Amino acid sequence: MLNLRAGIAVVAAVVALAACGGTEPAAEKPAADGPRVLKLWHYEAADSAMGKAWTEAVKQFEASHPGVTVKFEEKAFEQIRQSAGMILNSDEAPDVMEYNKGNATAGLLSKQGLLTDLTPEVTRRGWDKLLSPSLQTTARYDERGVMGSGKWFGVPNYAEYVMVYYNKDAFEKAGVEVPTTFEEFTEVLDTFAKKGTTPIAMGGAEYPAQHIFYQLALSKAQRPWVDAFQLYKGKVDFKGPEFTYAADTFADWVKKGYIGKDSAAVKAEDMGVSFIGGKYPILISGSWWYGRFVSDVKDFEWGSFLWPGDTMSAGSSGNVWVVPENAKNKDLAYDFIDITMKKEIQNLLGNSGGIPVAADTAAITDAKSKELIENFNTLSSSDRLAFYPDWPAPGYYDVLVSGLQNLVNGSKSSAEVLDELAAPYEENLADLGN
């Protein structure tokens, strides 16, 4: 849902929060005409780590801004993804909003002039000091809307990565252990399938199938391939070993019963609920589920592990706070973002199953949260974070959903699906002059 951050290192690297306030003059505030309202949109569940942390941030914001109220509107991820451009180009835009990072999303809106350049506030409030260079990748975009350099159009206050969640009780019952190699992983999948259990919970109607597909591609990839695909620093061959292996193996997993043949129409929420209910022993998705599973899984013990054998993994900074160009209360938006970067909020996020970027390491006391952050640190400290597959081109998310649904349904061959994925990617490169 990014060669990103340095995990606990990043988490610890930020003792400089006191500098955020600085001694420079506060941003000029518009004249108030009656009570002021901060209009906030995000799509995190109330019981998620981010939801808990941001609820507390709202309380602190209102306490520190007498006479100002926060009007929070929870939006669905798909709702914002599909309509952000239209809404932000109107007078209905919120003051501050969580938005997906990457070239195809935040980068595209920055290129269209729909997002506020946050560079002056980032410098004045010291946010750049709290975020490692790798975390800044998804916050900065050039004039083409390509991430990694240029002006700041977003501020991430958490990080994320894709992992394998597993039902410990189901593993024990099946007589399998946590795999350490990809070959052992497929043996685990095969064991469940032969016992009549579809091992992997999957949501083909939304992003989850993309993560499995991308992890398979990354199992054959190195950093130069990721930089070519994501940052346009080289030629990407969609019929090369990375994507060919991913498509062939994904289709093979469906045939072998590792992935359900009826999963093409399943949405991400239903996928998660099915794992929580114990229907599937494995779920492959992002760290944003972690807090939810901590809260909702009651009937079995569960754990997580990194995708076995890969040198690279899908992951990045978390989604970013953006301030629409049409926002009516930008000064309040900046203040709210600043509060979400405070250690108190960051520590809460970290102890609730999230990956903070500016927490006090010693303050993360929850055992599962420590495991989550340590696994992220393993990836980020060794430059193994590879962003997400839908980022490179506008509209690529829908292209991937459609293509992978065809693989699940068996309606198209691997080669035909790869042709589907290649065409819009190449068109975007042409539009960028590459």
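We number each residue from 1, following the sequence as shown. These figures come from a predicted structure and were not determined experimentally.
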Could you give the side-chain donor-acceptor pairs of residues 277-285 under 3.5 Å, partners two or more places apart or in another chain?
residue: Ser285; atom: OG; partner: Trp289; partner atom: NE1; Å: 3.1

Could you tell me the separation between the CE atom of Met97 and the CD atom of Glu73, rounded to the nearest 0.5 Å? 12.0 Å

Pairing of Glu177 and Lys168 as salt bridge, 4.0 angstrom limit: no

By side chain to side chain donor-acceptor pair (under 3.5 Å) - contacts of Glu269 (at least two apart): Arg292

Report yes if the distance between the aromatic ring centroids of Phe336 and Trp321 is under 6.0 Å, otherwise no. yes

Rounding to 0.5 Å, atoms NZ (Lys151) and CG (Asp117) come to a distance of 5.0 Å

Does the gap between the ring centers of Tyr161 and Tyr388 come in under 6.0 Å? no

I'd like to know if the side chain of Trp302 pairs up with that of Asp169 as donor and acceptor (distance under 3.5 Å, no hydrogens or angles considered). no

Test salt bridge (charged side-chain N to carboxylate O under 4.0 Å, His left out) applied to Lys239 and Asp419, step by step: CA-CA 8 Å; Lys239 295 295 179 67; Asp419 286 338; 3.1 Å; yes

What distance do Leu400 atom CG and Glu206 atom CD have between them, rounded to the nearest 0.5 Å? 14.0 Å

Does the side chain of Glu371 pick up a donor-acceptor pair with the side chain of Tyr290 at under 3.5 Å? yes

For the residue pair Ser219 and Gln215, confirm or rule out a side-chain donor-acceptor distance under 3.5 Å. no

Is the Phe213 to Phe243 ring centre distance short of 6.0 Å? yes

Pairwise side-chain contact, Ile339 with Glu344, heavy-atom cut-off 4.5 Å (strictly under): no

Give a yes or no on whether the backbone of Glu416 and the side-chain of Ser413 come within a donor-acceptor separation of less than 3.5 Å. yes

Verify, without hydrogens or angle tests, whether Asp142 (side chain) and Val146 (backbone) share a donor-acceptor contact under 3.5 angstrom. yes

Distance check, rounded to the nearest 0.5 Å: Phe72 atom CZ versus Trp41 atom CH2? 11.5 Å

Is the closest basic N to carboxylate O distance between Lys370 and Asp366 below 4.0 Å? no

So do Leu131 and Pro156 actually touch side chain to side chain, heavy atoms under 4.5 Å? yes

Could you check, using the six-membered ring where one of them is a Trp, whether Phe275 and Phe293 have ring centers closer than 6.0 angstrom? yes

Search all heavy atoms of Ala314 against all heavy atoms of Leu218 and return the closest pair with its distance. N-CD1, 3.6 Å

Donor-acceptor pair, side chain of Thr197 and main chain of Ala193, under 3.5 angstrom: no

Do the non-hydrogen side-chain atoms of Glu184 and Thr181 ever get within less than 4.5 Å of each other? yes

Atom of Ala104, atom of Leu108 and distance for their closest heavy-atom approach: O-CB, 3.7 Å

Please test Glu420 against Lys412 for salt bridge (charged side-chain N to carboxylate O under 4.0 Å, His left out), starting from the C-alpha separation and ending with a verdict. CA-CA 10 Å; Glu420 280 188 23; Lys412 290 190 178 180; 2.3 Å; yes

Any side-chain hydrogen bond (donor to acceptor under 3.5 Å, both in side chains) involving residues 243-253? Give me the pairs, sequence neighbours left out, ordered by first then second residue. Asp248-Ser414, Asp252-Lys256

So Tyr258 and Phe250, ring pair (Phe, Tyr, Trp, His ring centres under 6.0 Å) or not? Walk me through it. CA-CA 9 Å; Tyr258 302 169; Phe250 189 97; over 10 Å; no

Would you call Lys75 and Glu44 a salt bridge, using N to O less than 4.0 angstrom? no

Do Lys59 and Thr55 make a side-chain contact, defined as non-hydrogen atoms from C-beta onward lying under 4.5 Å apart? yes

For residues Asn326 and Ala93, report the shortest heavy-atom separation together with the two atoms involved. CB-CB, 4.2 Å

Report yes if the side chains of Glu301 and Glu172 come closer than 4.5 Å at any heavy-atom pair, otherwise no. no

Could you tell me if Tyr141 and Asn103 have a donor-acceptor pair between their side chains, going purely by distance under 3.5 Å? no

To the nearest 0.5 Å, what is the distance between CE (Met147) and CD (Gln230)? 5.0 Å

Side-chain donor-acceptor pair under 3.5 Å between Asn406 and Ser411, yes or no? yes

Exam field: side chain Ser304 to backbone Met163, donor-acceptor pair closer than 3.5 Å: no

Where Gly354 and Ala49 come nearest, the two heavy atoms and their spacing: N-CB, 3.3 Å

Side-chain donor-acceptor pair present, Tyr232, Asn428, cut-off under 3.5 Å: yes

Ion pair Arg140/Asp128, N-O distance below 4.0 Å: no

Take Phe229 and Tyr425 through the ring pair (Phe, Tyr, Trp, His ring centres under 6.0 Å) test and state the conclusion after the steps. CA-CA 9 Å; Phe229 178 58; Tyr425 182 88; 5.4 Å; yes

Tightest non-hydrogen contact, residues Gly113 and Glu325, listed as O-CB, 3.7 Å

Find out whether Ser287 and Glu160 are in side-chain contact, i.e. whether some heavy atom of one side chain is under 4.5 Å from a heavy atom of the other. yes

Any side-chain donor-acceptor pair under 3.5 Å between Asp360 and Gln346? no

Is there a side-chain contact between Leu349 and Met50 (heavy atoms, below 4.5 Å)? yes

Does the gap between the ring centers of Phe305 and Tyr165 come in under 6.0 Å? no

Taking Lys39 first and then Asp95, would you say they form a salt bridge - that is, a charged N and a carboxylate O separated by under 4.0 Å? no

Do we see a donor-acceptor contact under 3.5 Å between the side chains of Glu242 and Trp225? yes

Can you name the closest pair of heavy atoms from Val70 and Glu62 and give their distance? N-OE2, 2.8 Å

Under the criterion salt bridge (charged side-chain N to carboxylate O under 4.0 Å, His left out), I'd like the reasoning laid out for Glu426 against Lys235: C-alpha separation, chi angles, the key distance, then a yes or no. CA-CA 10 Å; Glu426 297 295 342; Lys235 177 70 175 175; 3.6 Å; yes

Judged by modelled atom types alone, do Trp288 and Ser48 share a side-chain donor-acceptor pair under 3.5 Å? no

Look only at the side chain of Tyr99 and the backbone of Gly154, and say whether a donor-acceptor pair between them is shorter than 3.5 Å. no

Would you call the rings of Trp54 and His42 parallel, tilted or perpendicular, taking 30° and 60° as the class edges? perpendicular

For the side chain of Lys261 and the backbone of Val254, is there at least one donor-acceptor N/O pair under 3.5 Å apart? yes

In sequence, state the C-alpha distance, the side-chain angles, and the governing distance for Thr191 and Glu187, and then conclude on side chain to side chain donor-acceptor pair (under 3.5 Å). CA-CA 6 Å; Thr191 297; Glu187 289 172 5; over 6 Å; no

Sub-3.5 Å donor-acceptor pair from the side chain of Trp127 to the main-chain atoms of Glu121, do we have one? no

Rounding to 0.5 Å, atoms CD (Gln136) and OG (Ser317) come to a distance of 10.5 Å

Side-chain donor/acceptor of Asn347 to backbone N/O of Lys343, under 3.5 Å: yes

